[in-house]
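Worksheet: one structure, shown below.
First listed ligand is number 1; within each ligand, the first listed atom is number 1. In what follows, every heavy atom counts, from backbone to side chain, and hydrogens, waters and symmetry copies are set aside.
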Amino acid sequence: MPGLDAAAWVRTFATLIDEHAEELTALDAAVGDADHGTNMRRGMAAAVAALDDCAADSPADICKQTAMVLIRTIGGASGPLYGTFFLRFAGVIEKGSDTADFARAFRAGLDGVIARGKAELGDKTMVDALAPAADALDRSVTAAASGAQALDAAVVAAESGRDATTPLVARKGRASYLGERSAGHQDPGATSAALLVRAARESWR
Ligand code: ADP
Ligand code: MG
């Protein structure tokens, strides 16, 4: 049955983060403290090292291990938030990983981020990329789309959600300290979250 290759997801996300680390840090320099790229690069490099070291092989174990590593190794807000995403995802994905399972687990991950960070759609955070992706996945499941089509739609939704953060005024996280001056800058966390969705697309087998 086609589905998500969870180890490939973690590895591909790490590669994309590595390729975009300077961009993520530059975005965070404009609205935060210029560490989002280094935070995510450190966390995802550690997540890949943990995969290399250990026998985690079910999608749930891989995502749970990744969650723990991210919480432990990323100092910034994004560590606990991505950690919570992967932990809640792991709790739902269990053994199955077809499109409907992935959509359900992704939604659980998003709900965890919202519960932890209290951000709503439009607060200029990673939720602005994750929530449209979760909605696109749900719509694809309802329409009985293939996994590849569902993931393509999720990528488009996450990237347009990311782009839509630019004019917004931040209401959560460090960028909110800037008030109105946060407008006109793309949110770093929404940018990395769009990479998370792209990595899932590239890891769909
Ligand atoms: P820090 O802000 O601690 O330096 P990072 O720079 O690694 O952490 O991450 C910043 C990103 O985290 C923001 O761009 C935003 O997308 C996300 N973020 C911050 N606070 C929240 C929150 N409460 N809910 C959701 N996402 C958040
Ligand atoms: Mg930062």
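- Aromatic ring orientation, Y82 versus F13: tilted (interplanar angle from 30° to 60°).
- Per-residue contacts place G76 under 4.0 angstrom from the following atoms of ligand 1 (heavy atoms of the residue considered): 3 (O), 8 (O).
- D33 has its closest N, O or S atom to the Mg ion (ligand 2) at the position named OD1.
- Looking at V113, L81, T125 one by one, the single match for side-chain contact (heavy atoms from CB on, under 4.5 Å) with L130 turns out to be V113.
- Salt-bridge formation is detected for the pair D152/R201: a Lys NZ or Arg NE/NH1/NH2 atom is positioned less than 4.0 Å from an Asp or Glu carboxylate oxygen.
- The pair K64-D61 does not count as a salt bridge, with every side-chain nitrogen at least 4.0 angstrom from each carboxylate oxygen.
- Atom CG of residue L16 and atom CG of residue L196 lie 9.5 Å apart, to the nearest 0.5 angstrom.
- Using a 4.0 Å cut-off to heavy atoms of G173, the atoms of ligand 1 that qualify are 19 (C), 20 (N).
- Comment: R11 does not engage E202 in a salt bridge, judged by the lack of any side-chain N to carboxylate O separation of less than 4.0 angstrom.
- Taking every heavy atom of P188 and a limit of under 4.0 angstrom, the matching atoms of ligand 1 come to 14 (O).
- Residue-ligand proximity, D28 to ligand 1, at heavy-atom distances under 4.0 Å covers atoms 6 (O).
- Within ligand 1, counting atoms from 1 as listed, the ones closer than 4.0 Å to a heavy atom of D35 are 4 (O), 5 (P), 6 (O).
- The A119 neighbourhood of ligand 1 comprises atoms 24 (N), 25 (C), with distances under 4.0 Å to a heavy atom of that residue.
- Atom 23 (N) of ligand 1 has its closest protein heavy atom at G117 O, 2.9 Å.
- Atom 21 (C) of ligand 1 has L81 CD1, 3.6 Å as its closest protein atom, hydrogens excluded (heavy atom only).
- Closest protein heavy atom to atom 8 (O) of ligand 1: A77 N, 3.2 Å.
- Taking 4.0 Å as the cut-off between side-chain N and carboxylate O, R107 and D135 count as a salt-bridged pair.
- For ligand 1, none of its N or O atoms has an N or O atom of V113 under 3.5 Å away.
- Residue T165 holds its OG1 atom at 5.0 Å from CD of Q186, rounded to the nearest 0.5 Å.
- For atom 2 (O) of ligand 1, the nearest non-hydrogen atom of the protein is R174 NE, 3.5 Å.
- Aromatic ring orientation, W9 versus F86: tilted (interplanar angle from 30° to 60°).
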Begin from the C-alpha positions of H20 and T191 and carry the test side chain to side chain donor-acceptor pair (under 3.5 Å) through to its verdict. CA-CA 9 Å; H20 292 266; T191 308; over 6 Å; no
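- Looking only at protein heavy atoms, the nearest one to atom 5 (P) of ligand 1 is H36 ND1, 3.4 Å.
- Closest protein heavy atom to atom 12 (O) of ligand 1: M126 CE, 4.1 Å.
- The atom of D35 that is an N, O or S and sits closest to the Mg ion (ligand 2) is OD1.
- Here T125 has heavy atoms under 4.0 Å from ligand 1 in both its backbone and its side chain.
- Within a 6.0 Å sphere centred on CD of E120, other residues, nucleotides and ligands contribute 12 heavy atoms or fewer.
- D28 has its closest N, O or S atom to the Mg ion (ligand 2) at the position named OD2.
- Closest protein heavy atom to atom 13 (C) of ligand 1: D187 OD1, 3.6 Å.
- The protein atom (non-hydrogen) at minimum distance from atom 7 (O) of ligand 1 is S78 OG, 2.6 Å.
- With hydrogens and angles disregarded, a donor-acceptor distance shorter than 3.5 Å links the side chain of K124 to the backbone of L168.
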